[in-house]
Amino acid sequence: MAQLWGGRFQGATDRSAYEFNASIRFDQRLYKEDIEGSIAHAAMLGRQGILSASERDSIIEGLKQLKSDIESGAVSITDEYEDIHSFVESVLTERIGEAGKKLHTGRSRNDQVALDMKLYTRNQLKITDQALKELLQTILSIMEEHTETYMPGFTHLQKAQPVTLAHHLGAYFEMFYRDRDRLKDIEKRMNTCPLGAGALAGTTYDLDRDYTAELLLFDGGPTRNSMDSVSDRDYLIEFLSALSLIMMHLSRFSEEVIIWNSNEYRFVEIDDRYATGSSIMPQKKNPDIAELVRGKTGRVYGALVSLLTTMKGIPLAYDKDMQEDKELSFDAMDTARNCIREFCGMLQTMKFRKDLMEESAKKGFTNATDAADYLVKKGVPFRDAHSIVGRLVLKGIEEGKALDDLTLEEFRKESGAFEEDIYEAISLKTCVEKRLTFGAPGPERMREVIDVYRKML
Ligand code: ARG
């Protein structure tokens, strides 16, 4: 039980209370950030004359050595230490002696952990952003291939109007693009350095907080209020919220892949590399990856709600409740990253059944609106046109026919405005290609939008 604070205690901590309190089991993943922050702190203390040049150099050298030893496996982080901060300081001191005991001058674990979490989150933002970029590139390449792949568009999961696969996937491009934008936004707001805030009230040492902020690449300089500095986890909540949105988007996409991959739809075929079988039913090929992504969404939401709840009752400044910011956040970051990666792999290898999508778009009266619009163009008021086509649809349902299968005579029985050109007007090709409003699936328009997307990436 190695602790940094034994002086005022007469008795040892209860064994199980010690374990309950300790965070090394999960905060050891912050070792890089902890060492990086400590190096900046030592450099600043040296520059300010609070440490001698040789103390500073031996601390920095020792920290760098420790980092490479952890990375090579020469040193392992063990749970005999309370947390990663205690581990780093204690091992450093064992190795370099007296100078190591001076590293914590003008610093508290409160501003230290605030810094570590910020650095870690900042890096995770970049990793998530990169993963999203790859996903967007994948979506865009599929879109480029499928500007003329017709499929039914749905509302209420009922066939509504024909669209193209490019158009459908474009909706996901928009979602994940907004997600990246949100990450950028978070990064801007979290760009200030809490180091030097001390336990809560700063310090009487002459610290140069601008210098440490600069060394740690915080463009916004040091945080402006020391109490807020040690108790702020807003950026982490924002990140969890952004991850929740990413997961929500991935989950909707997964849901569609699952539906499209079902025996009833067969719009897509998931590659063997991203599907699994059944232990009992030999015929099965299950979309487990998509289902897991959908399922793991709840877990990421859980992390968000958990941290919001943890933070809501904490009096200023630091309270130990805040140690609970780590486990679920780390889990959410890992989960979201893995989900984006696996989903992307699944998408890259998935086959789209152009023929079956098109066949499906031809059924289900997806051209009914276009039939009504045809009448409107011939001078029939839209409400009347709607009702005329509604009756034709009913006839089609009763006789098992598509609108395209009705004879001109049958059309004209409902309205004399129908002429021979109705067939052209309601053909699948016309229905898609004439949809040329900005943002609509018309292939000509779609290609313009795809060019814009290319530039956006
Ligand atoms: N393990 C702690 C955490 O994650 C580090 C800060 C401890 N500070 C303290 N005053 N006990 O929040």
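Values reported hereafter were calculated over all heavy atoms of this structure, with side chains retained and with hydrogens, waters and symmetry mates removed. These numbers were taken from a predicted model, which means no experiment stands behind them. Residue numbers count from 1 along this sequence. Order of listing sets the numbers, starting from 1, for every ligand and every atom in it.
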- Query: Looking at ligand 1, does His85 have a heavy atom less than 4.0 Å from it?
  - Reply: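 Heavy atoms of His85 do come under 4.0 Å of ligand 1.
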- Hey, does Met117 sit under 4.0 Å from ligand 1 if you only count heavy atoms?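 Per 4.0 Å heavy-atom rule, Met117 does not contact ligand 1.
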Tell me: protein heavy atom nearest [atom], and distance?
atom	result
atom 11 (N) of ligand 1	Arg109 NH2, 3.8 Å
atom 7 (C) of ligand 1	Tyr318 OH, 3.7 Å
atom 8 (N) of ligand 1	Asn110 OD1, 3.0 Å
atom 4 (O) of ligand 1	Lys326 NZ, 2.4 Å
atom 2 (C) of ligand 1	Gln323 OE1, 3.3 Å

Could you pull out every donor-acceptor pair under 3.5 Å between side chains of residues 67-76 and any protein atom, sequence neighbours left out?
residue: Ser68; atom: OG; partner: Gln65; partner atom: O; Å: 3.2
residue: Asp69; atom: OD1; partner: Gln65; partner atom: NE2; Å: 3.1
residue: Asp69; atom: OD2; partner: Arg95; partner atom: NH1; Å: 2.8
residue: Asp69; atom: OD2; partner: Arg95; partner atom: NH2; Å: 2.8
residue: Glu71; atom: OE2; partner: Tyr31; partner atom: OH; Å: 2.7
residue: Ser72; atom: OG; partner: Ser68; partner atom: O; Å: 3.3
residue: Ser72; atom: OG; partner: Asp69; partner atom: O; Å: 3.2
residue: Ser72; atom: OG; partner: Ala74; partner atom: N; Å: 3.3

- Query: Mind checking whether Phe26 and Phe330 have ring centres under 6.0 Å apart?
  - Reply: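 No, too far apart.
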- Message: By the definition side chain to side chain contact (heavy atoms under 4.5 Å, CB included), identify the one residue from Leu63, Leu195, Ile59, Leu66 that meets it with Ser38.
- Response: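 Single side chain to side chain contact (heavy atoms under 4.5 Å, CB included) partner of Ser38 among Leu63, Leu195, Ile59, Leu66: Leu63.
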- Answer yes or no: are there more than 12 heavy-atom neighbours, outside Arg445 itself, under 6.0 Å from its atom CZ? yes
- Item | Asp370 with Arg435: basic N within carboxylate O range, under 4.0 Å |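 A salt bridge links Asp370 with Arg435.
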- Would you mind checking if Asp181 and Lys184 are paired as a salt bridge, meaning a charged N to carboxylate O distance below 4.0 Å?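 A salt bridge links Lys184 with Asp181.
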